[in-house]
Amino acid sequence: MTYIAKPKLHHPSLVKNKAGFTRRDYEGAVSTLCAGCGHDSISAAIIQACYELDILPHQVAKLSGIGCSSKAPTYFVGASHGFNTVHGRMPSVMTGANLANRDLIYMGVSGDGDSASIGLGQFAHIMRRGVNMTYIVMNNGVYGLTKGQFSATADKGSVSKKGVANSDESIDLVSLAILMGATFVGRSFSGDKHQLVPLIKAAIMHEGAAFIDCLSPCVAFNNHVGSTKSFDFVREHNDAVNRLDVITGQAPLTAEYAPGEVVDVPQHDGSVLRLRKLDADYDPRDRGAAVHHLHERQVAGEIATGLLYLDPDSADLHAYLNTVEAPFNALGERELCPGSAALERINAALR
């Protein structure tokens with residue numbers, strides 16, 4: 001019944017946020033993904049995060065590539081800007097859009113095939129350039145659109161639905177993002193909204209390249225015994241290193257968290273990330289220790305989730321390039337074409 005448009009009628013008792021929108025205003029079209037797909041849970045978490053942050057829908061720019069995950073932007077924040085690029089090329093399009101208009105909130109949605117295979121090079125470069133964005137990979141370890149072949153993130157030794165074991169080493173996008181220079185790196189699980197929603201909110205508010213690897217079981221091809229991306233496996237092997245709250249200038253936005261040491265990390269915009277440590281010795285501000293911890297958990301057969309790395313002193317691409325404060329698309333001819341004398345000075349500097 002996906003051809004039926006989602007009704008726009010809202011119950012009069014729906015609560016509005018400070019921007020004047022209800023949660024339903026952040027929804028999109030009816031999903032065409034398989035019933036129970038983890039990707040829909042991630043879309044729901046994005047909807048909740050945008051609602052709680054009082055984001056104006058028209059300030060959001062959603063970009064994606066090709067794959068099941070890349071259909072997801074259709075299903076959240078329907079009144080926003082959207083661009084579906086070719087396979088693996090979303091990062092370069094988002095970089096150009098961000099340079100043209102820095103005032104939008106950029107959200108890249110991709111999959112393990114789109115980012116870890118054909119788009120791996122572009123993934124690495126957008127992380128090292130520090131584009132101000134939230135980049136979410138819906139990671140299920142298979143090519144769902146082409147009937148369940150292993151993707152590059154499938155763990156070595158994991159078994160396909162047909163009983164074939166994967167003989168290749170997997171690509172860990174979290175470790176790669178940290179090594180490539182991302183300044184906010186997290187991992188979560190589509191079945192854990194209490195961890196995922198605050199993580200997405202913190203990523204949106206972060207200045208710089210924010211990356212979230214979200215394990216999202218494929219109910220059609222990768223949710224069986226022997227899969228390391230199934231609902232049961234992730235729940236049984238999840239090692240949450242922390243839980244976090246996002247505290248804005250108003251009231252704190254909280255959820256139920258396990259007890260532990262509390263660490264506050266101030267952000268550029270005055271907000272605060274409050275981390276409740278579950279692993280007593282884990283410090284997400286230590287880049288080398290984060291990579292080491294990820295490797296230790298992988299060897300132990302566990303999946304580290306939570307905020308895994310954070311640079312509280314991060315900057316974005318515009319700061320590195322020293323661009324003007326105004327978005328490029330708001331500049332006039334005089335600013336964009338300053339004349340032959342300015343061009344001559346530029347050319348002279350390059351001789």
Side-chain angles (χ1 to χ4, degrees), residues 49-50 53 55-56 59-63 80-81 83 89-110 115 121-137 173-174 176-186 199-212 244 246-249 264-273 275 284-288 290-291 307-332 334-338 342-343 345-346 349-350:
C50 291
L53 288 177
I55 288 174
L56 298 176
Q59 290 184 332
V60 177
K62 310 168 298 186
L63 295 96
S80 61
H81 306 278
F83 196 101
R89 303 302 188 265
M90 179 265 287
S92 58
V93 176
M94 182 152 60
T95 300
N98 181 276
L99 285 171
N101 188 353
R102 65 194 297 173
D103 285 349
L104 296 179
I105 298 170
Y106 288 91
M107 186 169 295
V109 177
S110 184
S115 285
Q122 296 221 352
F123 172 84
H125 287 296
I126 198 170
M127 295 300 159
R128 75 183 186 90
R129 287 176 178 144
V131 176
N132 191 15
M133 63 177 181
T134 299
Y135 192 122
I136 299 175
V137 166
L173 290 172
V174 166
L176 183 60
I178 295 174
L179 294 173
M180 287 293 102
T183 49
F184 181 108
V185 180
L199 195 61
I200 293 175
K201 288 164 57 180
I204 292 173
M205 298 176 70
H206 179 74
E207 181 179 355
F211 172 68
I212 300 175
L244 79 131
V246 180
I247 302 175
T248 63
D264 286 353
V265 184
Q267 300 298 289
H268 297 274
D269 60 0
S271 62
V272 176
L273 298 187
L275 303 178
R285 294 164 293 187
D286 189 330
R287 186 179 184 186
V291 175
L307 179 55
L308 302 173
Y309 174 66
L310 173 68
D311 180 358
D313 300 317
S314 64
D316 74 337
L317 182 60
H318 287 276
Y320 300 143
L321 297 180
N322 194 29
T323 62
V324 296
E325 289 293 329
F328 288 174
N329 66 351
L331 300 178
R334 178 177 297 179
E335 294 86 4
L336 295 174
C337 303
L343 178 60
R345 289 194 299 270
I346 295 173
L350 299 174

> Does the side-chain contact (heavy atoms from CB on, under 4.5 Å) test come out yes or no for V109 and M90, once each step is laid out?
Replying inline: CA-CA 9 Å; V109 177; M90 179 265 287; 6.0 Å; no
> Can S110 and F123 be said to form a side-chain contact (heavy atoms from CB on, under 4.5 Å), step by step?
Replying inline: CA-CA 10 Å; S110 184; F123 172 84; over 6 Å; no
> Hey, mind stepping through T134 and F184 against side-chain contact (heavy atoms from CB on, under 4.5 Å) and telling me if it holds?
Replying inline: CA-CA 9 Å; T134 299; F184 181 108; over 6 Å; no
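When the side chain to side chain contact (heavy atoms under 4.5 Å, CB included) test is applied to L321, the partners found at least two apart in sequence or on another chain are L99, L317, T323. Not a single side-chain hydrogen bond (donor to acceptor under 3.5 Å, both in side chains) links R89 to another residue, sequence neighbours left out. The side chain to side chain contact (heavy atoms under 4.5 Å, CB included) check on A315 picks up A319, Y320, with sequence neighbours excluded. Residues that satisfy the side-chain hydrogen bond (donor to acceptor under 3.5 Å, both in side chains) test with S80, not counting sequence neighbours, are K62. Residues that satisfy the side-chain hydrogen bond (donor to acceptor under 3.5 Å, both in side chains) test with R128, not counting sequence neighbours, are H125. For A290, the side chain to side chain contact (heavy atoms under 4.5 Å, CB included) criterion is met by I178, Y282, Y309, not counting sequence neighbours. Taking the side-chain hydrogen bond (donor to acceptor under 3.5 Å, both in side chains) definition, one finds that D311 meets it with nothing, sequence neighbours left out. Taking the side chain to side chain contact (heavy atoms under 4.5 Å, CB included) definition, one finds that R345 meets it with A341, A342, sequence neighbours left out.
Taking both residues in full, the closest heavy atoms of A203 and I212 are given as CB-CD1, 3.9 Å, listed atom of the first, atom of the second, then distance. The minimum heavy-atom distance linking H206 with N132 is given by the pair O-OD1, 3.1 Å. Closest of all the heavy-atom pairs between P312 and R285 is CD-CG, 4.3 Å. Minimum heavy-atom separation, V185 to L307: O-CD1, 3.6 Å. The nearest pair of heavy atoms linking A209 to G130 is CB-CA, 4.0 Å.
The CG atom of L104 sits 8.0 Å away from the CG atom of N329 when rounded to the nearest 0.5 Å. Between the CE atom of M127 and the CG atom of L173 there is a distance of 8.5 Å, given to the nearest 0.5 Å. Atoms CD1 and CD1, on I55 and I105 in that order, are 4.0 Å from each other to the nearest 0.5 Å. From T95, atom OG1 reaches atom CZ of R129 across 6.5 Å, with rounding to the nearest 0.5 Å. With rounding to the nearest 0.5 angstrom, the CD1 atom of I136 is 11.5 Å from the OG atom of S115. Once rounded to the nearest 0.5 Å, the distance linking CZ of R102 with CD of E325 reads 4.5 Å.
At least one donor-acceptor pair under 3.5 Å links the side chain of Y106 to the backbone N or O of A97.
Looking at heavy atoms from C-beta onward, V246 lies in side-chain contact with M205 at the 4.5 angstrom threshold. By the 4.5 Å heavy-atom criterion applied to side chains, M133 and I126 are counted as neighbours.
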